[in-house]
Amino acid sequence: MSVEPLSPSTVVTRLRAAGCVFAEDEAELLLATARRPAELAAMVERRISGLPLEHVLGWAEFHGLRVAVDPGVFVPRRRTEFLVQQALAAADASGPVVVVDLCCGSGALGAALASALPGSELHAADIEPAAVRCARRNLAAFGGHVYEGDLFAPLPAELRGRVSILTANVPYVPSGEVGLLPPEARDHEPLVALDGGADGLDIMRRVALAAPRWLAPGGTLLVETSERQVPGALAAMAAGGLRARLVTSDELYATVVTGVRE
């Protein structure tokens, strides 16, 4: 049975009624992505039900790339493009660049870095099987290696002391505040990608303490955090023996803490 095509105005109206703030922009993306009227109708219903737009579309725009984002996988945030910018600024493009992306989710950060650093050696890891499958799809074109496991545990031992750029978009929402997140995140993204422990810095501390064993001399660890967590994040870098630095972006409302191995 054929499905009556939804008009653009109808799509916008339905999205607005569901509380979508950027209804016009979302409608444009849905209309451009759907190949058939029935597919568009199904996509609109999924979006109205609360599924993140990126999960409905199957992709997200990130740092100039279209990155596949499967259901149940953490959606890359636009503010995290600032972390990519800082990582590129820290990279020494005059020689081989070894990039490791922990808590990689869809692999968006690794893809952005590999795209901007031709010839780089890329490794990524995540504890979530769905994220690992998604990241492997996104990083295949860059020759990236993706591992399943907890932080550094699944990485090849030969990477120790060789990593130039280590990104770790760790979960940093305090456990007691996860329930305050928007339903899109709370209900459709894995808890392990959101919950950072009592003060939100549990995973970050683990990464900072272990990072010096993996970083090359002069190598940089970069993590995203919140403004109020900055003192704890800087202390974690220092506890790991790294030279800590804070960088922020008012435009993207992003806060990044870096740590350099001396």
Side-chain angles (χ1 to χ4, degrees), residues 42-43 46-47 49-63 65-77 80 83-84 98-115 120-160 163 165-175 178-179 181-197 200-207 210-211 214 221-224:
M43 292 172 75
R46 290 199 296 273
R47 181 64 183 124
S49 74
L51 200 67
L53 177 66
E54 294 80 3
H55 288 165
V56 175
L57 296 172
W59 53 269
E61 290 286 347
F62 184 80
H63 208 264
L65 301 176
R66 180 172 287 194
V67 178
V69 182
D70 296 335
V73 175
F74 182 81
V75 175
R77 278 38 168 185
T80 306
L83 191 153
V84 173
V98 179
V99 176
V100 169
D101 181 25
L102 298 181
C103 305
C104 69
S106 65
L109 274 76
L113 292 170
S115 176
S120 58
E121 179 183 340
L122 174 62
H123 301 264
D126 201 288
I127 200 169
E128 274 286 314
V132 171
R133 290 192 296 270
C134 189
R136 283 175 177 159
R137 288 168 51 209
N138 284 317
L139 300 184
F142 304 102
H145 307 276
V146 186
Y147 313 93
E148 182 180 333
D150 184 31
L151 300 179
F152 298 95
L155 296 179
E158 57 266 27
L159 285 176
R160 288 177 180 264
V163 179
I165 296 296
L166 172 59
T167 57
N169 194 19
V170 299
Y172 59 88
V173 179
S175 300
V178 171
L181 291 172
E184 288 183 358
R186 188 179 67 232
D187 298 338
H188 298 285
E189 293 181 319
L191 181 62
V192 71
L194 303 171
D195 190 341
L201 294 174
D202 284 1
I203 311 303
M204 189 262 171
R205 290 189 185 95
R206 290 178 56 202
V207 172
W214 296 85
L221 164 64
L222 303 99
V223 299
E224 184 178 282

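All figures in this text were calculated on a predicted structure; none of them were measured in a lab.
Rounded to the nearest 0.5 angstrom, Phe62 CZ and Ser106 OG are separated by 8.0 Å. Going from atom NE2 of His188 over to atom OG of Ser49 covers 6.0 Å, rounded to the nearest 0.5 Å. Here the straight-line distance linking atom CG of Leu122 with atom CG of Asp101 works out to 7.5 Å at 0.5 Å rounding. For the atom pair Glu224 CD and Tyr172 OH, the distance stands at 3.5 Å (nearest 0.5 Å). Going from atom CZ of Arg46 over to atom CG of Leu57 covers 9.5 Å, rounded to the nearest 0.5 Å. Rounding to the nearest 0.5 angstrom, the gap separating the CZ atom in Arg133 from the CD atom in Glu128 is 9.0 Å.
No donor-acceptor distance shorter than 3.5 angstrom exists from the side chain of Ser120 to the backbone of Val98, with no hydrogens or angles considered. Asp126 places no side-chain N or O within 3.5 Å of a backbone atom of Val132 that could act as its donor or acceptor partner.
Put simply, the side chain of Val170 does not reach to within 4.5 Å of the side chain of Leu102, judged on heavy atoms. The shortest side-chain heavy-atom distance between Leu65 and Ser115 falls under the 4.5 Å cut-off.
The heavy-atom pair separating Asn138 from Ala111 by the smallest distance is O-CB, 4.4 Å. Residue Glu54 comes nearest to Ala60 through the heavy atom pair CG-CB, 3.6 Å, listed as atom of the first residue, atom of the second, then distance. Between Pro174 and Asp195, the shortest heavy-atom distance links the atoms C-OD1, 4.4 Å. Closest of all the heavy-atom pairs between Ile203 and Pro171 is CG1-CG, 3.8 Å. Across all their heavy atoms, Leu83 and Thr167 have their closest contact at CD2-CG2, 3.6 Å. In this structure, Ala185 and Leu194 approach most closely via the heavy-atom pair O-CD1, 3.6 Å.
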For residues 139-158, which side-chain N or O atoms pair as donor and acceptor with protein atoms under 3.5 Å away, sequence neighbours left out?
| unit_1 | atom_1 | unit_2 | atom_2 | d |
| --- | --- | --- | --- | --- |
| Tyr147 | OH | His123 | ND1 | 2.8 |
| Asp150 | OD2 | Arg206 | NH2 | 2.6 |

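Applying the salt bridge (Lys or Arg N to Asp or Glu O under 4.0 Å) definition to pairs two or more places apart or across chains, those involving residues 183-193 are Arg47-Glu184, Arg77-Glu189.
The only member of Val69, Leu109, Asn169, Val84 that meets side-chain contact (heavy atoms from CB on, under 4.5 Å) when paired with Pro76 is Val69.
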